[in-house]
Amino acid sequence: MPTIVVAGAGVSGLTTALLLSKNKANKVTVVAKHMPGDYDIEYASPWAGANMLPMSTAQESRWERRTWLELKRLVENVPEAGIHIQKTRILRRNKDLDKASKTFPDPLFHKNPWYKDMFENYRELDTKELVAGYDSGCEFKGICINTAIYLPWLVGQCLQNGVVLKRAVLSSISEAKAMSHTGATADIIVNATGLGSLKLGGVEDANMMPARGQTVLVRNECTPMTVTSGTEDGDAEVLYIMQRAAGGGTILGGTYDLGNWESVPDPNIAVRIMQRAVALRPDLAGGKGIEGLSVIRHGVGLRPYRKGGVRIEEEKLDDETWIVHNYGHSGWGYQGSYGCAEGVVELVNKIDRAKGVKL
Ligand code: FAD
């Protein structure tokens, strides 16, 4: 009967706990410093848009492809998860695609992207449909998640499956060994501590750094969601508009600023974010410019960026316990959540099968 402790209660930890708990033999405990309901600079998940703008290459698309199937199922069959269908538009400028340094990884802005077969109704935009200043674009039926509904929904699903959640601040990953609600020593620790993996004892992954994302959440709504390949305000500043499900407001973004730890929203950046959004979509503010925006909150989240990409792999802690890592999702933690959690389940099953040999 594997005893599993998941460290971290962001979208990565909770999705992993949920999938692991579907096997009734697994006894799953989640321990975390932050839980759904908290808004904190050390907790990325509540700050996300969150929608599905594929960022992987065709070769590495497994995490996002698998996740899309599940998110689509939730949109269609589970309204209480707080996800809705939203048409998504991607606008490209040739000068951004040609530039060596870009704010988003290339694959999202490819003219013939791998994901064109994944989304329904994918099509290239006609030149008549393009906003002035953009050279090309595409549109597809995407989704947007209301993180304030979705994260508590994940907790509810975990609780229903017998997962126990506990607050704890770990100074070392090995402390999780003794934190199962069963009282037994953990056979497996899942490390889903996001950016925390930079400093967490026993992990201390120097490849981790923040990709700071500043946003403005407004009551105004407009559809379709839109993202552009670049802005005139420097490489760290980006432009996206995402309308969340179920009255969650609209997220205006933003920034993607590598290495910046600043937790306080910068008022100048905030003004630029709002100006860019209403310039692209004047209808968002009823044609009144940024004066027409009704602000709910200014936000900053630190995406858990990892040089070299996400870490999903097993590691032996000692003779009793294995660690399975699932961190470093940067700006795609939601859109890769189910695929990555499935990857963890595969590793956990592999370790469990080899018990006695490996443990
Ligand atoms: P986190 O949510 O940061 O959770 C980490 C957990 O580990 C927390 O519970 C924390 O308390 C715990 N922890 C850490 N250290 C310790 C410790 N020492 N002891 C105990 N507990 C610890 N993704 C998308 O897919 N689509 C989007 O549209 C999107 N938009 C984004 C927009 C912004 C502005 C930002 C900031 C992010 C966006 N993201 C998006 C990215 C997404 O939010 C992240 O990839 C995701 O939330 C990472 O989740 P996580 O569970 O790995 O980490």
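Note that the coordinates shown come from a computational prediction; the quantities given were computed from them, not determined experimentally.
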J.: Please determine whether a side-chain nitrogen of the Lys or Arg among E70 and R66 lies less than 4.0 Å from a carboxylate oxygen of the Asp or Glu.
T.: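 No.
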J.: Could you tell me if S56 and E64 have a donor-acceptor pair between their side chains, going purely by distance under 3.5 Å?
T.: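 Result is yes, a qualifying pair exists.
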J.: May I ask you to decide whether K116 forms a salt bridge with E124, counting only side-chain N to carboxylate O separations under 4.0 Å?
T.: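 Between E124 and K116 there is no salt bridge, as every charged N stays at least 4.0 Å from the carboxylate O atoms.
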J.: In Å, rounded to the nearest 0.5 Å, how long is the span from OG1 of T67 to OH of Y338?
T.: 8.5 Å
J.: Contact between S180 and T185 at the side-chain level, heavy atoms closer than 4.5 Å - yes or no?
T.: no
J.: Ignoring hydrogens and angles, state whether a donor on the side chain of N26 or S21 is under 3.5 Å from an acceptor on the partner side chain.
T.: no
J.: Would you mind telling me which of K87, R89, M242 makes a side-chain contact (heavy atoms from CB on, under 4.5 Å) with M225?
T.: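 Answer to the side-chain contact (heavy atoms from CB on, under 4.5 Å) test with M225 among K87, R89, M242: M242.
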J.: Do the non-hydrogen side-chain atoms of C144 and H84 ever get within less than 4.5 Å of each other?
T.: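 SC-SC contact between C144 and H84 confirmed.
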J.: Taking side chain as C-beta onward, heavy atoms only, is I269 less than 4.5 Å from T255?
T.: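 A side-chain contact under 4.5 Å exists here.
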J.: Using the rule given for side-chain hydrogen bond (donor to acceptor under 3.5 Å, both in side chains), can you reason through Y256 versus S330, listing the C-alpha separation, both sets of side-chain angles and the distance that settles it, and then say yes or no?
T.: CA-CA 10 Å; Y256 190 96; S330 193; 2.7 Å; yes
J.: One thing to verify: whether K199 and E204 come together as a salt bridge, which I'm taking to mean a side-chain N less than 4.0 angstrom from a carboxylate O.
T.: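 Looking at K199 together with E204, the answer is no, because their closest N to O distance does not fall below 4.0 Å.
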J.: Side chain to side chain contact (heavy atoms under 4.5 Å, CB included) between T29 and I4: does it pass, once the steps are laid out?
T.: CA-CA 6 Å; T29 310; I4 302 172; over 6 Å; no
J.: Any Lys/Arg nitrogen of D96 or R93 sitting under 4.0 Å from an Asp/Glu carboxylate oxygen of the other?
T.: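 Counted as a salt bridge, because a side-chain N and a carboxylate O are separated by less than 4.0 Å.
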J.: Side-chain contact test, heavy atoms from C-beta onward, threshold under 4.5 Å: evaluate it for H329 versus C340 and give yes or no.
T.: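 A side-chain contact exists here, since the closest heavy-atom pair is under 4.5 Å.
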J.: Are Y327 and D205 linked by a side-chain donor-acceptor pair shorter than 3.5 Å?
T.: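 Side-chain D/A pair, Y327 to D205: present.
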J.: Side-chain contact test, heavy atoms from C-beta onward, threshold under 4.5 Å: evaluate it for Y334 versus L151 and give yes or no.
T.: yes
J.: Just so I know, are the side chains of L97 and F109 near enough to count as touching, which here means a heavy-atom distance under 4.5 Å?
T.: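 Yes - at least one pair of side-chain heavy atoms lies under 4.5 Å apart.
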J.: Measuring only between side-chain heavy atoms, which start at C-beta, is L280 closer than 4.5 Å to L239?
T.: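 Heavy-atom side-chain distance check passes, below 4.5 Å.
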J.: Regarding E313 and R311, does a basic nitrogen lie under 4.0 Å from an acidic carboxylate oxygen?
T.: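 Salt bridge between E313 and R311, a charged N being under 4.0 Å from a carboxylate O: yes.
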J.: With the threshold set at 4.0 Å, does a side-chain nitrogen-carboxylate oxygen contact exist between E262 and R212?
T.: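 The answer is no: the pair does not qualify as a salt bridge.
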J.: Taking all non-hydrogen atoms of both residues into account, name the closest pair between R62 and G339 and its distance.
T.: NH2-O, 4.5 Å
J.: Just by distance, no angles: are the side chains of T193 and N191 close enough, under 3.5 Å, to form a donor-acceptor pair?
T.: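 The answer is yes; a qualifying pair exists.
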J.: What's the shortest heavy-atom distance between G82 and A245, and which atoms?
T.: O-CB, 3.4 Å
J.: Are the aromatic ring centres of W47 and Y39 under 6.0 angstrom apart?
T.: yes
J.: Is any side-chain heavy atom of I351 less than 4.5 Å from a side-chain heavy atom of I188?
T.: yes
J.: Report yes or no: do S136 and R92 form a side-chain donor-acceptor pair below 3.5 Å?
T.: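 There is such a pair between these side chains.
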J.: Cut-off 3.5 Å, side chains only: do T231 and R272 have a donor facing an acceptor?
T.: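 Not at all, the side chains of T231 and R272 share no donor-acceptor pair under 3.5 Å.
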J.: Answer yes or no: is there an ion pair linking K72 with E120, defined by an N-O contact shorter than 4.0 Å?
T.: yes
J.: Do we see a donor-acceptor contact under 3.5 Å between the side chains of T250 and N220?
T.: no
J.: Please tell me whether W68 and Y115 form a close aromatic pair, meaning their ring centres lie under 6.0 Å apart.
T.: no
